[in-house]
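These numbers come from the heavy atoms of this one structure, side chains and all, not from hydrogens, waters or symmetry mates. Remember, it's 1-based here, ligands and their atoms both numbered in the order they're listed.
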Amino acid sequence: MSTFHHHITRRPTHQIKIGNVLIGGEAPISVQSMTNTLTTDVEATLAQIQRLARAGCDLMRVSVPDSESVTAFAKLKPLSPVPLIADIHFDYKLAVAIAPFADKLRINPGNIGGKERVREIIHACKDHLVPIRIGVNGGSLPKDLYRQYGLSPQALVEAALRHIELFDELGFQDIVLSIKTSEVPLMVEACRQLSAQVDYPQHLGVTEAGPGIRGAARSALGIGLLLAEGIGDTIRVSLTGDKLQEVVVAYEILDTLGLRRCGIRWISCPTCARTSVDVEKVVLEAMEKVGDIPTPLTVAVMGCGVNGPGEAREADVGIACGVGSGLLFRRGEILRKVPESHLVDQLVDEILRLVDVSQ
Ligand code: SF4
């Protein structure tokens, strides 16, 4: 086992509670995602929430663009396995209407139509003990700040501080802050500056990060840089595509930094001229068969004898491939030699056995 212990000291933040999930303080960094079904399609939305919750998503955000969605949200709330966040834009009346049902509201006070309307939302949330995420986005900066500073960290931080001032006036402290832009260095610097000025918990994300592995890379860099500095209390990876991938990438980021584990850490080699077994096929088929299980295990599939036995031995379950076969390891011990045609099945059996034992 590695003797190197990586430790990140998190910046102290005020703790709040979203349903049964704590955010901030010493609470684990929570993972969020957002449904992309029609909210009014309660069945499809619930199915998506359940699928992501099974993969470890702690909180789900749901768009509420109209009054029909308020009704649908109210139906979803008691059925959801995780707390639900209502996402409201433009219409303060929807925010007031959803407050009795939501575990949290996400608003951008800049597009609600003036301080008075934001105050009404704050009063409604105060009455129902509902926290609010104040979301500042690069695409909707107040005009005067944009004129004065351009799209810059100063402008984004100033916009967030202005909103906070209004919440402070009304003694409302159940807030989470987020500053998001699709430009990673800008978002990172703005979140850093905000963190230096206030101790409210921060929600991190690179907005409109893009599809698949491109979006994952950009998100990992933006979110990861801040987490490595101890900034951030809850994260959302925004990807165009299957929402499940957002949760998978979020946990890869947290696991990579040693902040939180959920599910299997797959270690596999990039393959090269020495590879004599189809490593990619073995890994992808095994991943598919194992599915999304939250048990934290390390599984290694290595293509040859160079680093294979070493990595396979360190993992909970490992395979070090040779010519047309592989040595199967469990927690450092060689179990047996397995022909290539049985590698996937025996790897999966061994993983599921350890999952059963740890449950
Ligand atoms: Fe190549 Fe072996 Fe390294 Fe895989 S483990 S990349 S097969 S040298």
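Annotation: side chain of Glu26 is not in contact with side chain of Arg10 (no heavy-atom distance under 4.5 Å).
Counting only protein atoms, the N, O or S atoms lying less than 2.8 Å from atom 4 (Fe) of ligand 1 are Cys269 SG, ordered by chain and residue number.
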Check against side chain to side chain contact (heavy atoms under 4.5 Å, CB included), Arg54 and Asp292: CA-CA 7 Å; Arg54 271 196 301 276; Asp292 303 303; over 6 Å; no

Test log, rule salt bridge (charged side-chain N to carboxylate O under 4.0 Å, His left out), inputs Glu165 and Arg162: CA-CA 5 Å; Glu165 206 177 307; Arg162 273 188 193 174; over 6 Å; no

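Note on Glu246 versus Lys243: salt bridge recorded, some NZ/NE/NH1/NH2 to OD/OE distance being below 4.0 Å.
Taken to the nearest 0.5 Å, the CD atom of Gln32 stands 4.0 Å off from the CD1 atom of Ile85.
Taking Leu22 as the reference, Gln15, Lys17, Ala27 meet the side chain to side chain contact (heavy atoms under 4.5 Å, CB included) condition, with sequence neighbours excluded.
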